[in-house]
Amino acid sequence: MRYLTREPLSADEWHREAMSEHSGASVEFLGVVRRLEAGKPIEYLEYEAYEPMAEQVLEQYIQQAVQQFGLSKVYFRHRLGRVRVGEIAVIIGVHAPHRAEAFAGCQFLLETLKRDVPIWKVRAG
Amino acid sequence: MRYLTREPLSADEWHREAMSEHSGASVEFLGVVRRLEAGKPIEYLEYEAYEPMAEQVLEQYIQQAVQQFGLSKVYFRHRLGRVRVGEIAVIIGVHAPHRAEAFAGCQFLLETLKRDVPIWKVRAG
Amino acid sequence: MNLCVRVFAHLKSVVGADTLRLQLPAGATVRELLDVLQQRYPALTPWLESTRVAVNYEYATLDAPLREGDEVALIPPVSGG
Amino acid sequence: MNLCVRVFAHLKSVVGADTLRLQLPAGATVRELLDVLQQRYPALTPWLESTRVAVNYEYATLDAPLREGDEVALIPPVSGG
């Protein structure tokens, strides 16, 4: 699996990525499990995926984002299984020539994740 | 100075900031000096500021962003003096309960920087 | 043709399985597949309006024809991130 | 009253200084300050349309009155980030 993992996520790997000399903007989104889910305190969320489809859909959207927004680099990781409060569920990092494309590219990938990538929160505890 | 510095910037300090249990989203923007400035290759940019006013304007906008978008944390640093190609000129990091506020808060601070904070690129070489 | 339909998230407890095996006439469409599923699993009916069907890892329209060996999946609303 | 006006970025080379000293009648406005500056530094004229004035670190309107001791600054279009 390229974009999905059952291991704890850290942004360190993304932060070590060098920027191209033509990239003036880096935008990063981290999604973290909150204490309150639907108004109730929780300790963890559990994520499930239709893994081969999720990987394929992500690959297609990342290629589209690179083309559409001229991104020079994309980093995408989503964790599966049990993710505890305060831990990272998703990392989306992009490099682009300018700020507008960097924000638009990162937000495009996040919105497509929320709409079309077959990953589900299946349990909160 | 709180938000302005003449020292090289690193995002490490921001990356070590803990997230509140009520924050589900972290968005970070890095602005980096590009090789091409106005179509010509450069080695560095030099930034100048009206420092006390820049600090005060930033403080006001950060307070506004915290209120308006419910941000739980804001990190803002802008470098002054000579900044070489590939080095960071500005870091804007925010934590918020949800993704929409996190993106909106970070972009609000970046747009106010570009419009109202008295900092100038005074030289490219 | 024989088809195997994968089921995800809360739909697994609705149908009581994570894989369903069906026999359909050759060339049946996604819509015909859903009709057969509703007959066999009436509890699915209220969920189908918000469920998409994927064929070979791509979202498919209701009139898409199915072929023997296709990997079909019922995709309830996603909630990643 | 005596005022000292700080000048930034390329406006420093337009007026040849980073601080200008002016005498204005008590209660003069930002607009009157800009009129006096244009007379003394005609080279400033094409730049003034895009220049804002800050008084005590806040952007001021053209009709804002000035007081002895105010810190006044000419702010050309900013280009941080």
Side-chain angles (χ1 to χ4, degrees), chain A residues 1-6 9 28-34 37-38 42 45-64 76-81 83 87-93 106-124, chain C residues 1-22 24 29-31 33-34 36-37 41 43-81:
Chain A
M1 292 193 294
R2 180 163 178 196
Y3 302 118
L4 307 180
T5 177
R6 295 175 183 282
L9 287 175
E28 164 194 305
F29 173 81
L30 304 181
V32 174
V33 174
R34 304 169 70 212
E37 171 75 6
I42 61 165
L45 287 176
E46 272 181 33
Y47 290 94
E48 167 186 313
Y50 180 17
E51 297 181 17
M53 178 171 170
E55 291 276 346
Q56 178 172 308
V57 171
L58 282 168
E59 180 64 27
Q60 289 164 345
Y61 278 128
I62 288 168
Q63 293 307 324
Q64 182 183 338
F76 192 108
R77 293 291 185 282
H78 199 298
R79 189 168 166 197
L80 301 180
V83 187
E87 291 183 332
I88 298 173
V90 60
I91 303 174
I92 306 174
C106 188
Q107 290 183 286
F108 169 83
L109 289 171
L110 182 53
E111 296 313 312
T112 57
L113 167 67
K114 296 273 181 182
R115 190 186 64 220
D116 285 343
V117 181
I119 300 174
W120 299 272
K121 292 181 184 78
V122 288
R123 199 167 293 110
Chain C
M1 61 183 167
N2 295 297
L3 284 174
C4 154
V5 179
R6 303 192 59 180
V7 183
F8 292 96
H10 63 275
L11 293 186
K12 286 191 287 200
S13 54
V14 173
V15 301
D18 59 8
T19 307
L20 308 176
R21 289 170 198 291
L22 295 180
L24 286 176
T29 63
V30 167
R31 183 181 284 108
L33 169 87
L34 292 176
V36 171
L37 284 175
Y41 304 96
L44 259 181
T45 305
W47 302 99
L48 285 181
E49 199 183 349
S50 64
T51 297
R52 286 184 282 182
V53 174
V55 179
N56 302 330
Y57 310 155
E58 302 209 345
Y59 290 109
T61 57
L62 286 174
D63 55 3
L66 296 167
R67 287 175 191 80
E68 176 96 30
D70 280 345
E71 178 159 334
V72 180
L74 300 185
I75 311 285
V78 306
S79 53

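Numbered from 1 within each chain, the chains take letters A, B, ... in sequence-line order. Just so it is clear, the model here is predicted, and its values are computed rather than measured.
- Only the side chain of A:Gln60 comes within less than 4.5 Å of a heavy atom of chain C; its backbone N, CA, C and O stay farther away.
- Under the 30°/60° scheme for interplanar angles, the aromatic rings of A:Trp120 and C:Phe8 are found to lie parallel.
- Summarising the geometry, atom NE2 belonging to C:His10 is positioned 11.0 Å from atom CD belonging to A:Glu48; distances are rounded to the nearest 0.5 Å.
- The choice from A:Ala49, A:Ala89, A:Pro52 that makes the most heavy-atom pairs within less than 4.5 Å of chain C is A:Pro52.
- Of the residues considered (A:Leu113, A:Val57, A:Val122), A:Leu113 shows the highest number of contacts with chain C, using heavy-atom pairs under 4.5 Å.
- Below 4.5 Å, heavy atoms of chain A meet heavy atoms from C:Glu71, C:Ala73, C:Ile75, C:Pro76, C:Pro77, C:Val78, C:Ser79, C:Gly80, C:Gly81, all part of residues 69-81 of chain C.
- In this structure, A:Met53 and C:Tyr59 have side chains that are in contact, with non-hydrogen atoms separated by less than 4.5 Å.
- Looking at A:Tyr47, the atoms closer than 4.5 Å to chain C (heavy atoms on both sides) all sit in the side chain, from C-beta outward.
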